[in-house]
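Below, read A as the first sequence line, B as the second, and so on, with proteins coming before strands; counting in each chain starts at 1.
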2 protein chains.
Amino acid sequence: MTSSETTDSPIERAGKRERLVASAGDLMHRLGVPATTLAQVAEAADVPVGNVYYYFKTKDDLIRAVIDDRAAGVRGMLAAFEQRRSPATRLKALVRHWSDMREVVARNGCPIGTLCTELGRREDGLEAESVVLFRLIVDWAEAQFRLLGRRDGHDQAVTLLAGVQGAAQLSHAFGDPDLMATQARALERWIDAMSAG
Amino acid sequence: MTSSETTDSPIERAGKRERLVASAGDLMHRLGVPATTLAQVAEAADVPVGNVYYYFKTKDDLIRAVIDDRAAGVRGMLAAFEQRRSPATRLKALVRHWSDMREVVARNGCPIGTLCTELGRREDGLEAESVVLFRLIVDWAEAQFRLLGRRDGHDQAVTLLAGVQGAAQLSHAFGDPDLMATQARALERWIDAMSAG
DNA sequence: GTCTATAAGATGATAGAC
DNA sequence: GTCTATCATCTTATAGAC
């Protein structure tokens with residue numbers, strides 16, 4: 001701990017790598033993966049342009065790091081939801097997450113959905129890595145629906161995420177945050193009706 | 001008619017323009033808009049590479065032509081649905097359209113949804129042009145829901161399209177055509193329940 | 001009116017200096 | 001171990017030949 005603080009080299013390196021991943025994630029969310037250039041990422045992270053290749057062998061490597069970073073975020077989010085008492089409350093907390101970030105969704109789309117859509121087209125293996133983001137959420141939601149006594153938990157989980165992602169897509173296309181909020185509320189009512197019936 | 005068939009020049013020109021739009025639409029659907037190059041479009045349409053600029057001043061112009069072409073397709077589709085007797089049957093025909101093309105959706109995503117998502121990010125005016133595709137569908141669905149006696153027709157229409165688009169997105173990400181079909185069936189049941197109640 | 005040859009610029013990636 | 005200078009390639013776009 002103390003030794004690593006005296007030598008700034010490892011700290012700087014870790015800092016730069018993190019900054020590169022953060023910048024890349026932000027730019028790819030706002031501009032899209034193909035439209036984001038390494039030059040932009042480097043400048044936003046305040047790292048020399050060609051030096052990106054010291055930290056990532058290729059652009060795909062950087063994309064992979066962004067996926068991993070986002071997957072860690074999703075895992076953390078779902079773990080936080082586990083604190084809630086009932087499955088229905090947990091599912092509604094999931095939906096509310098998109099409602100809370102409606103401004104970002106309306107401006108740049110869902111950070112997870114747009115990434116999966118863009119990478120889903122590729123045929124170099126990266127498409128399989130990105131889909132883990134959706135799978136994490138579907139699997140978690142399926143477990144919650146099963147706790148609610150639903151045998152068709154998987155289909156319900158897919159319906160929920162499809163509703164969220166579709167609303168995010170329309171909210172983004174129309175540039176309308178309220179659309180995201182309204183649809184999220186409808187989904188929460190759907191969850192309530194399901195846990196009641 | 002007969003005069004235009006003797007001189008092949010106008011026919012060829014019209015044919016090439018159409019071929020360029022068709023090729024561009026197909027490639028942008030499969031590879032994405034930014035990843036599609038004019039060289040690919042020209043080759044697929046069997047037109048000399050640099051000659052694309054005779055038909056379209058810029059790449060954005062070609063994109064606009066693709067949007068217009070797709071909008072015409074949507075209008076034609078909705079007009080065909082108007083033949084059905086009841087509003088509920090029309091809405092279910094709309095949903096079934098995505099179910100019928102589930103193989104394409106699973107492989108390359110919804111041709112409309114992916115286009116709107118990719119162009120929705122831009123800030124050069126093209127984002128506003130692409131959203132017309134969604135608006136056509138939402139407006140039409142809203143009218144059908146109102147015929148069903150729903151005061152909240154707009155929100156219902158948004159919910160329907162969001163469900164369809166979300167399902168298409170997940171079907172694409174997971175590469176699973178059945179997911180699209182299953183979710184479409186659920187939406188059809190939802191329409192039935194609505195028109196009954 | 002139609003197309004070829006090429007320019008101008010940007011992008012991902014590398015070789016090698018420090 | 002870190003970064004600079006540069007390459008090879010590709011992409012949009014244009015000037016001008018046919």
Side-chain angles (χ1 to χ4, degrees), chain A residues 3-21 23-25 27-28 30-67 118-119 121-126, chain B residues 3-21 23-28 30-66 118-119 121-126:
Chain A
S3 66
S4 69
E5 282 173 30
T6 50
T7 57
D8 56 358
S9 178
I11 291 179
E12 272 187 343
R13 181 181 171 179
K16 285 186 185 176
R17 218 198 106 101
E18 285 163 17
R19 259 148 48 205
L20 282 170
V21 173
S23 298
L27 282 164
M28 289 174 183
R30 278 164 34 209
L31 310 175
V33 174
T36 297
T37 72
L38 296 182
Q40 291 171 312
V41 173
E43 196 195 343
D46 197 31
V47 168
V49 191
N51 190 22
V52 176
Y53 290 90
Y54 174 67
Y55 299 96
F56 304 96
K57 270 201 289 290
T58 148
K59 187 183 180 181
D60 285 2
D61 252 40
L62 178 57
I63 296 173
R64 250 181 289 268
V66 170
I67 296 172
E118 288 179 312
L119 297 180
R121 275 201 264 261
R122 304 183 55 149
E123 298 175 353
D124 51 8
L126 223 54
Chain B
S3 66
S4 69
E5 281 170 32
T6 49
T7 56
D8 56 357
S9 177
I11 290 177
E12 271 189 339
R13 183 183 170 178
K16 285 186 184 175
R17 217 200 107 100
E18 283 162 20
R19 259 148 51 206
L20 281 170
V21 173
S23 298
D26 178 54
L27 283 164
M28 288 174 184
R30 277 163 37 211
L31 310 175
V33 174
T36 297
T37 71
L38 296 181
Q40 291 171 311
V41 173
E43 196 194 345
D46 197 32
V47 169
V49 192
N51 192 22
V52 177
Y53 291 90
Y54 173 67
Y55 299 96
F56 303 97
K57 269 199 290 289
T58 148
K59 187 182 180 181
D60 284 4
D61 252 40
L62 179 56
I63 297 174
R64 249 180 290 268
V66 170
E118 289 180 311
L119 297 181
R121 274 200 264 263
R122 305 184 53 151
E123 298 177 352
D124 51 10
L126 224 54

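Summarising the geometry, the separation between OH on B/Y54 and C1' on C/dG1 is reported as 5 Å, rounded to the nearest angstrom. Between B/R17 atom CZ and C/dC3 atom C1' the separation is 18 Å, expressed in whole Å. Remark: P of C/dT11 and CG of A/D60 are 17 Å apart, rounded to the nearest angstrom. Following rounding to the nearest Å, A/L20 (CG) and C/dG12 (P) show an atom-to-atom distance of 14 Å. Spacing between atom NZ of A/K57 and atom P of C/dT14 amounts to 11 Å, rounded to whole angstrom units. Whole-Å rounding puts the A/Y55 OH to C/dT14 P distance at 18 Å. One can place CZ of B/F56 at 18 Å from C1' of D/dT14, the figure rounded to the nearest angstrom. If you measure from atom CG of B/L62 to atom C1' of D/dA13, you get 14 Å, rounded to the nearest angstrom.
Using a 4.0 Å cutoff on non-hydrogen atoms, the parts of residues 30-39 of chain B near DNA chain D are B/T36, B/T37, B/L38, ordered by number. Less than 4.0 Å separates DNA chain C from at least one heavy atom of each of the following residues of residues 42-52 of chain B: B/P48, B/G50, B/N51.
Regarding contacts with the backbone of D/dC3, a side-chain N or O of A/K16 is found under 4.0 angstrom from either OP1 or OP2. Between D/dT14 and B/Y53, no contact under 4.0 Å exists linking OP1 or OP2 to a side-chain N or O. Regarding contacts with the backbone of C/dG12, every side-chain N or O of A/T58 stays at 4.0 angstrom or more from both OP1 and OP2.
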Problem - side chain to side chain contact (heavy atoms under 4.5 Å, CB included) between A/V41 and A/V52, intermediate numbers included - result: CA-CA 9 Å; A/V41 173; A/V52 176; 5.6 Å; no
Problem - Residues A/V66, A/V33; criterion side chain to side chain contact (heavy atoms under 4.5 Å, CB included); working and verdict - result: CA-CA 11 Å; A/V66 170; A/V33 174; over 6 Å; no
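The salt bridge (Lys or Arg N to Asp or Glu O under 4.0 Å) test applied to B/R121 returns A/E118, not counting sequence neighbours. Applying the side chain to side chain donor-acceptor pair (under 3.5 Å) criterion to B/T58, with sequence neighbours excluded, gives no partner residue. Partners of B/R30 under the salt bridge (Lys or Arg N to Asp or Glu O under 4.0 Å) rule, at least two apart in sequence or in another chain, are B/D26. Legend: residues meeting side-chain contact (heavy atoms from CB on, under 4.5 Å) with B/A65, ordered by chain and number and at least two apart, are B/R17, B/V21, B/F56. The side chain to side chain donor-acceptor pair (under 3.5 Å) check on A/D60 picks up A/R122, with sequence neighbours excluded. For A/E43, the side chain to side chain donor-acceptor pair (under 3.5 Å) criterion is met by no residue, not counting sequence neighbours. A search for salt bridge (Lys or Arg N to Asp or Glu O under 4.0 Å) contacts involving B/D46 returns nothing, not counting sequence neighbours.
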